[in-house]
Amino acid sequence: MLALWWIKRDFRLDDNAALHAALTECGQVIPVFFLESDIYLAQDASAFHLHAQLTALADLQNSLRLRGAELLIVRCNLPLGFSLLRQHIHFTHIFSHEETGAAVTFKRDIAVKKWCDAESVIWQEVPQSGVVRALRSRDNRQQYIAERLFDSEPLPVPEVVPQPLLPSLTINQHDCYQIPQLQELAPQLLDERIQWSSVQVVNERRAKRTLDSFLSDRGIGYRGGISSPNKAFFYGSRLSPHIAWGTISLRRIFSRLHRRLTELEELLNAQPDNKLAQRWHKSLEGFSARLFWRDHFVQRLESASWMESRALNPAYEQLEYSRDAARLDAWIDGHTGFPLIDACMRCLQATGFLNFRMRAMLVNFACFGLHIHWRDLQYPLARLFTDYEPGIHFSQIQMQAAIVGINTIRVYSPLKQLMDQDPDCQFIKRWVPELRGFSAEQIACHESITLPGYPAPLVDAEHNIRIMKERISVIRKSDEGQESAQRVLVKHGSRMKQKRTKKIHKLDAKVPAAKQIDLFGV
Ligand SMILES: Cc1cc2nc3c(=O)[nH]c(=O)nc-3n(C[C@H](O)[C@H](O)[C@H](O)COP(=O)(O)OP(=O)(O)OC[C@H]3O[C@@H](n4cnc5c(N)ncnc54)[C@H](O)[C@@H]3O)c2cc1C
C-alpha cells in the first residue's frame with residue numbers, strides 16, 4: 001500500500017502523528033505539499049504566510065532527503081491536484097493532520113473528502129492538538145487534552161522514510177521536486193514595507209532553537225516582558241509562527257516545558273528563597289497558561305466554523321459601525337494620528353509580529369475609537385500576522401471588539417498604553433519616523449497639540465468610545481443579549497476554573513499553570 005503524507009500546517013518530522021500513521025499503516029510514504037492558489041491568494045493570506053510555508057518546506061525537503069525520501073510540491077488547487085498526481089502515482093491512502101482553518105480550507109477539505117470517497121482513496125486525519133472534532137460538550141475536552149498532550153510521549157523523528165522510486169514528474173508545467181521562490185509564485189503578494197531581515201524564519205530547526213533559547217535564557221523575562229512592544233520581541237517565546245505552521249508540536253513544547261518546570265521545582269524545594277528560580281517558575285507558569293489558551297480559542301472555530309463571518313453571539317449582529325473605507329485604510333496603513341496605533345501597524349507591516357497586548361489594543365481601538373466593523377478588519381489584520389491561526393484570530397477579534405458578551409467590557413486607551421509600555425516613545429519613534437524630532441511629552445499630548453508633518457487624530461476617540469460603550473451596554477442588558485451570552489458561555493466558555501476533574505488535577509501537577517488567566521494581558 002502506498003500513502004501520501006499530505007502536509008498541512010505540520011512542516012516537521014518530529015512528533016508528526018500523520019507521518020507516523022502513514023509509515024505504520026502503509027510502509028511506503030510520499031510526502032506532498034500542494035501549493036494552492038485558492039489558498040495562498042485568499043483574502044486572509046499574505047506574503048508572510050507564504051514565506052513561512054516555503055521556508056519550512058525547504059528545511060523539510062533537506063531533512064527528508066537525509067532519510068531517503070523525496071518531497072513532492074504540486075502547484076494545483078485541490079482536489080484536482082490529487083487527481084493529476086494519481087495519474088502518475090497510484091496511492092491508496094492519504095494521511096494528514098486535522099486542520100481547523102478559515103472557510104476557504106474548510107470548503108477545500110469537504111471537496112477532498114468527496115473526491116476520496118469517489119476514488120476509493122482512504123483519507124485518515126489525525127489530531128495534533130487538544131482541539132476536538134465533533135465535540136459534543138466542552139465538559140469532555142479535558143480528557144482529550146490530557147490524552148493527546150500529556151499522557152502520551154512525543155513521537156521520534158523516523159530514521160528513514162521508505163518510498164518507491166519516483167519518476168521525474170511535472171504537473172501543470174512545474175517540476176514537482178522544485179520549491180518555487182515567493183517572487184516567482186506570487187509576486188502580487190510582495191509588499192515593499194516588509195523588512196525581511198526582521199521577519200521570523202519558520203522551519204523545524206528554528207523552532208527547536210527558539211524553544212531552547214526560551215527555556216534556557218529568554219524566558220526569565222517573560223513575565224512583564226511580553227506586555228511591552230519593545231521587550232516582547234526578545235522575551236516572548238516567539239513560538240507562535242512555529243506552532244501555527246506546525247514546525248513544532250504542542251506536545252513537544254509541553255514535554256520540554258514540563259521537564260524545565262520539574263527542574264525548577266526541585267531547585268525550589270532545596271532552596272525556597274532562590275529568587276532567580278522563583279522568577280523563572282512564575283514566567284514559565286504564565287507561558288504554560290497561554291499555551292492552553294491556544295486550543296481553547298481554536299476549539300471555538302472548530303465548533304462554530306461560521307464565526308468567520310458571523311458574530312459568535314448573534315445579539316451583537318445589530319451593532320452599528322461606520323463603514324468608512326478611508327478610516328479603515330488609515331488604520332491599516334498606520335496614519336490615524338494616534339501615535340501608538342500607527343507605530344503598531346507599521347511594525348506589523350514590516351515584521352509580521354506584535355505582542356498580545358498591542359494586538360488587543362489595535363482591534364479594541366479600531367472598534368471602539370474608530371467605529372470600524374470587526375468584520376472589515378479581520379482579513380487585513382490576518383494578513384499581517386506571520387503566526388496567523390484562524391481559530392485564535394477570529395476569536396480574539398470578536399473578544400477585543402467586546403461582542404462575545406461573556407467577558408467584562410474592556411477599553412484600551414492608546415495614551416495609557418503609551419505611558420505604561422513605551423514612556424520614552426522608543427517604539428513609536430522607531431516605527432513612525434515623522435515623530436522622531438518631537439519629545440515624548442509632545443507625542444503624548446498630540447491629541448491637543450499639532451505636530452507638523454504628522455496627521456491630526458482622525459476622530460474624537462473619547463466621544464466615539466463613549467458611544468460604542470453605550471451601544472454595547474444596551475445589548476448586554478437586553479433579554480436577548482443575556483440569553484445569548486448564556487448560550488455562548490455554555491457552548492464556548494472555558495471550563496478550567498469551574499470544572500476541575502481528577503484528570504485536570506493530574507494535568508495541573510504536570511503543568512501547574514492550567515488555570516484561567518486574564519486574557520487582556522496580565
Ligand atoms: C486580535 C488578536 C489576534 C491574534 N491572532 C493570533 C494568531 O493569528 N495566531 C496566534 O498564534 N496568536 C494570535 N494572537 C494571540 C497572541 O497575540 C500571540 O499568540 C502572541 O502575541 C504570540 O507571541 P509569542 O509567540 O511570543 O507567544 P507567547 O506570548 O509566548 O505565548 C505562547 C503561545 O501561546 C499561544 N497564545 C498566547 N497568547 C494567546 C492568546 N491570547 N490566545 C490564544 N493563544 C495564545 C500562542 O500559540 C503562543 O505562541 C492574537 C491576539 C489578538 C489580540
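Position 1 is the first residue of the sequence; numbering continues from there. All ligand and atom numbering here is 1-based and tracks the order in the structure.
Of the listed residues (R359, H296, M399), the one carrying the non-hydrogen atom nearest atom 14 (N) of ligand 1 is R359. Across the listed options I392, L354, I253, I392 owns the non-hydrogen atom lying nearest to atom 12 (N) of ligand 1.
A donor-acceptor pair is defined here as one N or O able to donate and one able to accept, closer than 3.5 Å; such a pair exists between the side chain of Q53 and the backbone of H49.
Atoms of ligand 1 lying under 4.0 Å from any heavy atom of R238, numbered from 1 in the order shown and given with element: 24 (P), 25 (O), 26 (O). Set against the non-hydrogen atoms of I243, the atoms of ligand 1 under 4.0 Å away are 47 (O), 49 (O). Residue F385 has at least one heavy-atom neighbour below 4.0 Å for each of these atoms of ligand 1: 3 (C), 4 (C), 5 (N). Near L239, meaning under 4.0 Å from one of its heavy atoms, ligand 1 places the atoms 25 (O), 49 (O). Proximity to G236 (heavy-atom distance under 4.0 Å) selects the following atoms of ligand 1: 26 (O). Those atoms of ligand 1 with a heavy atom of F297 less than 4.0 angstrom away are 42 (N), 43 (C). Which parts of ligand 1 touch Y388 is read off a 4.0 Å heavy-atom cut-off, strictly below it: atoms 8 (O). Close contacts between ligand 1 and E389 involve ligand atoms 7 (C), 8 (O), 9 (N) [criterion: under 4.0 Å to a heavy atom].
Residue-level proximity to ligand 1 for D387 is carried by backbone and side chain together, each with a heavy atom below 4.0 angstrom. At a heavy-atom cutoff of 4.0 Å, ligand 1 is contacted by both the backbone and the side chain of F356. Only the side chain of V363 comes within 4.0 Å of ligand 1, counting heavy atoms alone; its backbone N, CA, C and O stay farther away. Neither the backbone nor the side chain of L362 has a heavy atom within less than 4.0 Å of ligand 1.
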Should L57 and F11 be marked as a side-chain contact (heavy atoms from CB on, under 4.5 Å) after you check the CA-CA gap, both sets of side-chain angles, and the distance that decides it?
CA-CA 7 Å; L57 210 51; F11 297 86; 3.7 Å; yes
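For the pair R290 and W293, the cation-pi criterion (under 6.0 Å, within 45° of the ring axis) is not fulfilled.
Distances shorter than 4.0 angstrom occur between a heavy atom of A360 and an atom of ligand 1. Note on ligand 1: Y222 sits in its first shell, one or more heavy atoms being nearer than 4.0 Å.
The neighbour count for E153 CD, taken as heavy atoms of other residues, nucleotides or ligands under 6.0 Å away, does not exceed 12. The neighbour count for F385 CZ, taken as heavy atoms of other residues, nucleotides or ligands under 6.0 Å away, is above 12.
Checked against D15 for a side-chain hydrogen bond (donor to acceptor under 3.5 Å, both in side chains), the options R251, H20, R252 give a single hit: R251.
Ring-centre distance between F368 and Y412: not below the 6.0 Å cut-off.
Minimum heavy-atom separation, H371 to N464: NE2-O, 2.8 Å. Summarising the geometry of W306 relative to A311, their closest heavy-atom pair is CZ3-O, 3.5 Å, with the distance given to 0.1 Å.
Among the atoms of S237, some N or O lies under 3.5 angstrom from an N or O of ligand 1. The shortest N or O to N or O distance between S240 and ligand 1 is below 3.5 Å.
Under the 3.5 Å distance criterion, with hydrogens and angles disregarded, no donor-acceptor pair is assigned to the side chains of R300 and S395. In this model, a donor atom of one side chain and an acceptor atom of the other lie less than 3.5 Å apart for T336 and D342.
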